[in-house]
Amino acid sequence: MADLKTNYMGIQLDNPLVVSSSGITGRVKGIVRCAEAGAGAVVLKSMFEELIRADSKGLDEALVSSGSGHPEIYDYLGADIGMQLGPLPYLEFIEKVRKKVTLPVIASINCVTPRWWVPYARKIESAGADALELNISHFPGENEEDSKHIEAGYVEIVREVTSQVSIPVAVKIGFYFTSLMNVMQDLVAAGAKALVLFNRYHAIDVDLESKRLVSAVKFSSSGEQNLPLRWVGLASKRLDCDIAASTGIHDAESVVKMLMVGANVVQVCSVLYRKGPKYLEELRQGVSSWLDGAGYNSVDEIRGLALKNTESELALLTRLQYVMALEEATSLYKY
Ligand SMILES: Cc1cc2nc3c(=O)[nH]c(=O)nc-3n(C[C@H](O)[C@H](O)[C@H](O)COP(=O)(O)O)c2cc1C
């Protein structure tokens, strides 16, 4: 049977199947199920600064009012005490998970204000996470904000965090960048050990009944894998870091394809919501059978295999308008 062992950011995984950050990994029970079904690693649900801030408001207000005759008490304890204590439940969660499972545990944070990334990352490291995923997301929707400024913000977060923690740090991004390769290169130079390509953000739709904006479907479809596949291919070829493929990976064939374009691991989420964590067994079995059937002894043997013919593969990956394919499609048009 083929060897599925995989190295991701210097951590040894039993196989390349990583459960993405999500509600499934936000509960100990969900993580235990994933571990039992043979996940290679889990990324915990993100700790969101936004949620901590909402919860911490009450604590700060209570402190101010309880020390109303003595404002110095509040000063002594420090403003933003709620923000400092806010991560405690997440840290306890990491400790609980650590005691329940032996597989690698990657924590995840998403902050809104630059100042909290580093202190939260340090707390997470102390709580025993094996690695940290920075879920950095900034919607580029403001007219005045130029791309250089936004990109510098991402890079600064990565530089600061990686200089302050010793666990490996992955950076999970979306694809809303003008020059994605350039940004990814800067993130790696700033200390990212891996890039997670890509996050799948909250989508918006219009409800024709109410004629109002609503949240769109939460889960991905398998057709969405082609976008990350292209960028995983380019990044794995051109950057000196590990790559986790994410979005639209729903079956063993997709896992094999992502490995063939150079992914070190794949992350799965939507398909586990639909089919349950036990589906990881099927995925793992499927990858193993595919390798055995095709005569390969390990996942390492197929990693990057589809990009061996560098010149022509890179030409394909970087081509936006492929005239031959467009003409082929036209020839299929029958109406
Ligand atoms: C219900 C739900 C919760 C999620 N929560 C998080 C989260 O806390 N942090 C994060 O980085 N990504 C989160 N994601 C995004 C997933 O980790 C993943 O990147 C995305 O769903 C694309 O992968 P998929 O096509 O396998 O679903 C969430 C996705 C879903 C559907």
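Side chains are part of it too, since the values below use all heavy atoms of this structure and drop only hydrogens, waters and symmetry mates. Please read all numbers here as calculations on a predicted model, not as lab measurements. Order of appearance sets the numbers: ligands from 1, and atoms from 1 within every ligand. Residue numbers count from 1 along this sequence.
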Suppose we measure from [atom] to each protein heavy atom; which comes out shortest, and what is that distance?
atom                    : answer
atom 15 (C) of ligand 1 : Asn199 OD1, 3.5 Å
atom 9 (N) of ligand 1  : Ser46 OG, 2.7 Å
atom 3 (C) of ligand 1  : Ser22 CA, 3.8 Å
atom 20 (C) of ligand 1 : Arg200 CB, 3.7 Å
atom 1 (C) of ligand 1  : Tyr273 OH, 3.3 Å
atom 22 (C) of ligand 1 : Thr247 OG1, 3.3 Å
atom 12 (N) of ligand 1 : Lys172 NZ, 3.0 Å

Could you tell me, atom by atom, which parts of ligand 1 come under 4.0 Å of a heavy atom of [X]?
X      : answer
Lys218 : 31 (C)
Ser220 : 24 (P), 25 (O), 27 (O)
Ser270 : 24 (P), 25 (O), 26 (O), 27 (O)
Phe48  : 7 (C), 8 (O)
Phe219 : 31 (C)
Gly248 : 24 (P), 25 (O)

Donor-acceptor contact below 3.5 Å, side chain [X] vs main chain [Y]:
X      : Y      : answer
Ser246 : Phe198 : yes
Arg303 : Asn264 : yes
Asp242 : Met9   : yes

Just to be sure I'm reading this right: ignoring hydrogens, which of Ser21, Ser254, Ser137, Ser246 gets closest to atom 28 (C) of ligand 1? Compare them by their nearest heavy atoms.
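Answer by nearest heavy atom: Ser21.
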N or O pair under 3.5 Å between [X] and ligand 1:
X      : result
Lys45  : yes
Gln267 : no
Glu133 : no
Gly23  : no
Cys269 : yes

Let me know which of Ser270, Ser220, Ser221 forms a side-chain hydrogen bond (donor to acceptor under 3.5 Å, both in side chains) with His250.
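Single side-chain hydrogen bond (donor to acceptor under 3.5 Å, both in side chains) partner of His250 among Ser270, Ser220, Ser221: Ser220.
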Run through Ser108, Ser137, Ser22 and flag the one making a side-chain hydrogen bond (donor to acceptor under 3.5 Å, both in side chains) with Ser46.
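So, applying the side-chain hydrogen bond (donor to acceptor under 3.5 Å, both in side chains) to Ser46 and each of Ser108, Ser137, Ser22, only Ser108 qualifies.
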Yes or no on side-chain contact (heavy atoms from CB on, under 4.5 Å) for Tyr120 and Tyr90, after CA distance, side-chain angles and deciding distance?
CA-CA 10 Å; Tyr120 287 179; Tyr90 193 80; over 6 Å; no
Tell me the contacting part of Asn135 for ligand 1: side chain, backbone, both, or neither, using a 4.0 Å heavy-atom threshold, strictly below.
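Just the side chain.
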Residues [X], [Y]: salt bridge by 4.0 Å N-O rule:
X      : Y      : value
Glu281 : Arg284 : no
Glu151 : Lys148 : yes
Asp300 : Lys5   : no

One pair to check against side-chain contact (heavy atoms from CB on, under 4.5 Å): Asp80 and Arg115. What are the steps and the verdict?
CA-CA 12 Å; Asp80 261 344; Arg115 70 166 282 209; 3.2 Å; yes
Under 3.5 Å, is there a donor on one side chain and an acceptor on the other for Asp251 and Ser254?
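Short answer, yes.
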Evaluate the criterion ring-ring contact (aromatic ring centres under 6.0 Å, His included) for residue pair Phe139 and Tyr201; output intermediate values, then yes/no.
CA-CA 10 Å; Phe139 187 74; Tyr201 296 130; 8.4 Å; no
